[in-house]
Amino acid sequence: MNRKELQQFPKDAVVLLLLLIYFPVGISLMFIRIFIGVHVFLVSCALPESFIRRFVVRVMCSVLGMHVRQKNPRSRDKNTKLYICNHVTEFDHNIINLLTPCSTPQLDGSTGFVCWARGFMEIHAGSGAIGESLQSYCSAEGTTPLLLFPEEDTTNGRAGLLKFSSWPFSLTESIQPVALRVTRPLISLSTPESSWLTELLWTFFVPWTVYHVSWLPTVSRQDGESTQEFANKVQELLAAELGLVATKITKADKAEHIKRTRRVTPGSIGLGFMSLGTDDRRIAKMAQQVKDVLPHVPLNVITKDLAKTNCVDTTITNLLENKEETSMEAAGISTFGPSKISSYSSGPASTLKPAAKTFGKSPTDRHLSLQERKEALYNFARSQRDDSK
């Protein structure tokens, strides 16, 4: 059993003991549910799309341990063409589809039979024409609404939301946010690099998995509002509904973290609060404050230092004073491109004092120049933290 599978096991000794006792039952339950799952798949293929089909499949999924609960079902807008949801598991689109007809395009991964069997809509278009194809789909009459996940990757749903990509919000002028929270006993939710098949087997193994779906009111883009501003607004709404943090961590940041964890010990701390099951939201908020001030520094470096200092100011000082080491760490994300890195900088950051245009002639001048920049960064960090309060 590799490290990423071990990350799903509980660290609490009592819960781990209960898991060991439950293990023979879970194995037996998994094989029984695999047999039943084949019949669920055949029934879903045989019945036409209708309320009866969704009801029957939902009842059969309950036997598989997949229970669905929804909040504010009357808030669901029947005229909307686009649902926006946070991404927790590889089966989120199947769960939403049990409640209302919707289509989720397969943007990457397997195509053909596997794509169809998993309930995805296959798009026959080039990479540059996907947006145009989906926009035409939304504007067509009689089509089912689209369900998109702007995080573009899964999280454990316990600490924060990944930064929302802006392209889904350019498809229509109004969308309906859908908040999804998933709970299960004994085993953590999906871990980095876990496949959909592994996640399915764990779902069959545990006694139950509960999907809590909350329908939020429809949101429309205001005049003069950019697609990224619209995406950020919807991200904040979903984060508030779920009690999570709306972060600026992207799918690329998560991929970088996974790549780094392959080369370090299991105890390393990077984006762990998003994907490794750590629920220290205070550290997550502090890391975001430091990231706003030092956008070029990777989040795994920031979080690692915060775990030692537990102080935003001290971490900023450490990162500035060890800038050579930080630059080496940051070099790993240079493949994202300059535009990707610069996009992390927030608007107020432009008020910071720029670096000296010339290199100081004496050590004293160079030290003063560094001190001035550090002081400006400290003041900005404090102002950002005061604003967040």
* What's the verdict on side chain to side chain contact (heavy atoms under 4.5 Å, CB included) for Val15 and Leu19, showing C-alpha distance, side-chain angles and the deciding distance? -> CA-CA 6 Å; Val15 180; Leu19 177 61; 5.6 Å; no
* Pair Tyr83-Thr100, side chain to side chain contact (heavy atoms under 4.5 Å, CB included): steps then yes or no -> CA-CA 11 Å; Tyr83 297 126; Thr100 184; 3.9 Å; yes
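- Linking ILVMFWY side-chain heavy atoms closer than 4.5 Å, directly or via other members, places Val63 and Met66 in a single hydrophobic cluster.
- Taking SG of Cys61 as the start and CG of Asn94 as the end, the distance is 8.0 Å to the nearest 0.5 Å.
- The hydrophobic cluster containing Val40 also contains Ile52, counting ILVMFWY residues as joined when their side-chain heavy atoms lie under 4.5 angstrom apart, directly or transitively.
- Pairs engaging residues 134-156 under the ring-ring contact (aromatic ring centres under 6.0 Å, His included) rule: His87-Phe149 [sequence neighbours left out].
- Here the shortest heavy-atom pairing between Ala231 and Phe164 reads O-CD2, 3.7 Å.
- Remark: Trp208 CH2 to Leu186 CG distance equals 8.0 Å, nearest 0.5 Å.
- Listed for the Lys254 side chain is no donor-acceptor partner under 3.5 Å among the backbone atoms of Thr155.
- Taken to the nearest 0.5 Å, the OG atom of Ser165 stands 7.0 Å off from the CD atom of Gln228.
- Counting only heavy atoms from C-beta outward, the side chains of Phe204 and Leu64 approach each other to under 4.5 Å.
- For Thr250 against Leu162, the heavy-atom pair with the smallest separation is O-CD2, 4.2 Å.
- Screening residues 50-80 for ring-ring contact (aromatic ring centres under 6.0 Å, His included) gives no qualifying pairs among residues at least two apart or on separate chains.
- Using cut-offs of 30° and 60° for the angle between ring planes, the Phe113 and Phe41 rings count as perpendicular.
- By the side-chain hydrogen bond (donor to acceptor under 3.5 Å, both in side chains) test, Thr315 pairs with Asp305, Thr309, sequence neighbours left out.
- Close placement of the Phe23 and Phe205 rings is indicated, their centers lying within 6.0 Å of each other.
- Proximity of Ser214 to Leu180: side-chain heavy atoms (C-beta onward) are nowhere separated by under 4.5 Å.
- Within the structure, the side chain to side chain donor-acceptor pair (under 3.5 Å) test picks out no pair touching residues 17-38 (sequence neighbours left out).
- At a cut-off of 3.5 Å, with distance as the only test, a side-chain donor of Ser195 or Thr198 sits close to an acceptor on the other residue.
- Rounding to the nearest 0.5 Å gives a distance of 9.5 Å between CG of Asp313 and CD of Gln289.
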* To do: Tell me, with the steps shown, if Leu299 and Lys291 meet side chain to side chain contact (heavy atoms under 4.5 Å, CB included).
  => CA-CA 7 Å; Leu299 277 163; Lys291 183 70 173 177; 4.0 Å; yes
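- At least one side-chain heavy atom of Thr209 sits less than 4.5 Å from a side-chain heavy atom of Val182.
- Listed for the Ser170 side chain is a donor-acceptor partner under 3.5 Å among the backbone atoms of Trp167.
- Side-chain contact check for Trp116 and Gln106: no donor-acceptor pair (N or O, by modelled atom type) lies under 3.5 Å.
- Side-chain atoms of Pro105 and Phe120, non-hydrogen and from C-beta on, never get closer than 4.5 Å to each other.
- A salt bridge does not link Glu151 with Lys163: every distance from a Lys NZ or Arg NE/NH1/NH2 to an Asp or Glu carboxylate oxygen is 4.0 Å or more.
- Between Asn86 and Leu242, the closest side-chain pair of non-hydrogen atoms falls below 4.5 Å.
- Between atom CD1 of residue Ile34 and atom CG of residue Leu201 there is a gap of 5.5 Å, rounded to the nearest 0.5 Å.
- Annotation: side-chain contact (heavy atoms from CB on, under 4.5 Å) contacts of Asn97 (sequence neighbours excluded): Cys102.
- Judged as a side-chain hydrogen bond (donor to acceptor under 3.5 Å, both in side chains), and not counting sequence neighbours, Glu236 has no contacts.
- The hydrophobic clustering, which links ILVMFWY residues whose side-chain heavy atoms are closer than 4.5 Å, places Leu107 and Met121 together.
- Applying the side-chain hydrogen bond (donor to acceptor under 3.5 Å, both in side chains) rule to Arg181 yields no partners; only residues at least two apart in sequence or on another chain are considered.
- Note on Lys233 versus Glu229: no salt bridge recorded, every NZ/NE/NH1/NH2 to OD/OE distance being 4.0 Å or above.
- In the hydrophobic clustering of ILVMFWY residues, with side-chain heavy atoms under 4.5 Å counting as a link, Phe31 and Val25 come out together.
- Salt bridge absent: Glu199 and Arg118 never bring a charged side-chain N and a carboxylate O closer than 4.0 Å.
- Taking the side chain as every heavy atom from C-beta outward, Leu148 and Ile84 approach each other to under 4.5 Å.
- Within the 3.5 Å criterion, the main-chain N or O of Ile249 finds no donor-acceptor partner in the side chain of Asp253.
- In this structure, Pro217 has no side-chain contact (heavy atoms from CB on, under 4.5 Å) partners at least two apart in sequence or on a different chain.
- In terms of heavy atoms, Pro101 sits closest to Arg54 at CG-NH1, 3.2 Å.
- A donor-acceptor pair is defined here as one N or O able to donate and one able to accept, closer than 3.5 Å; such a pair exists between the side chain of Gln176 and the backbone of Ser75.
- Side-chain contact between Pro177 and Cys85 is absent, with no heavy atoms from C-beta onward closer than 4.5 Å.
- Summarising the geometry of Ser174 relative to Ser220, their closest heavy-atom pair is CB-OG, 3.4 Å, with the distance given to 0.1 Å.
- Residues Ala239 and Leu161 share a closest heavy-atom pair of N-CD1, 3.7 Å.
- In this structure Glu173 satisfies the side-chain hydrogen bond (donor to acceptor under 3.5 Å, both in side chains) test together with Arg221, sequence neighbours excluded.
- Leu99 meets the side-chain contact (heavy atoms from CB on, under 4.5 Å) test with Arg58, Val68, Gln70, Val213, Trp215; sequence neighbours excluded.
- Residues passing the side-chain contact (heavy atoms from CB on, under 4.5 Å) test with Leu20: none are found, sequence neighbours excluded.
- The structure places CD of Gln135 at 13.5 Å from CD1 of Ile130, a figure rounded to the nearest 0.5 Å.
- A 4.5 Å side-chain heavy-atom check between Arg184 and Thr203 finds at least one atom pair inside the cut-off.
- Remark: the backbone N or O of Thr247 is paired with a side-chain donor or acceptor of Gln235 at under 3.5 angstrom.
- Pairs of residues two or more places apart, or lying in two chains, that qualify as salt bridge (Lys or Arg N to Asp or Glu O under 4.0 Å) and include a residue from residues 62-88 are Lys71-Glu241.
- Of the N and O atoms on the side chains of Thr144 and Ser103, at least one donor lies less than 3.5 Å from an acceptor on the other residue.
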* Asked: side chain to side chain contact (heavy atoms under 4.5 Å, CB included) between Val43 and Met60: does it pass, once the steps are laid out?
  -> CA-CA 10 Å; Val43 169; Met60 296 183 74; 4.1 Å; yes
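- Taken together through direct or relayed side-chain contacts under 4.5 Å among Ile, Leu, Val, Met, Phe, Trp and Tyr, Ile27 and Leu197 form part of one hydrophobic cluster.
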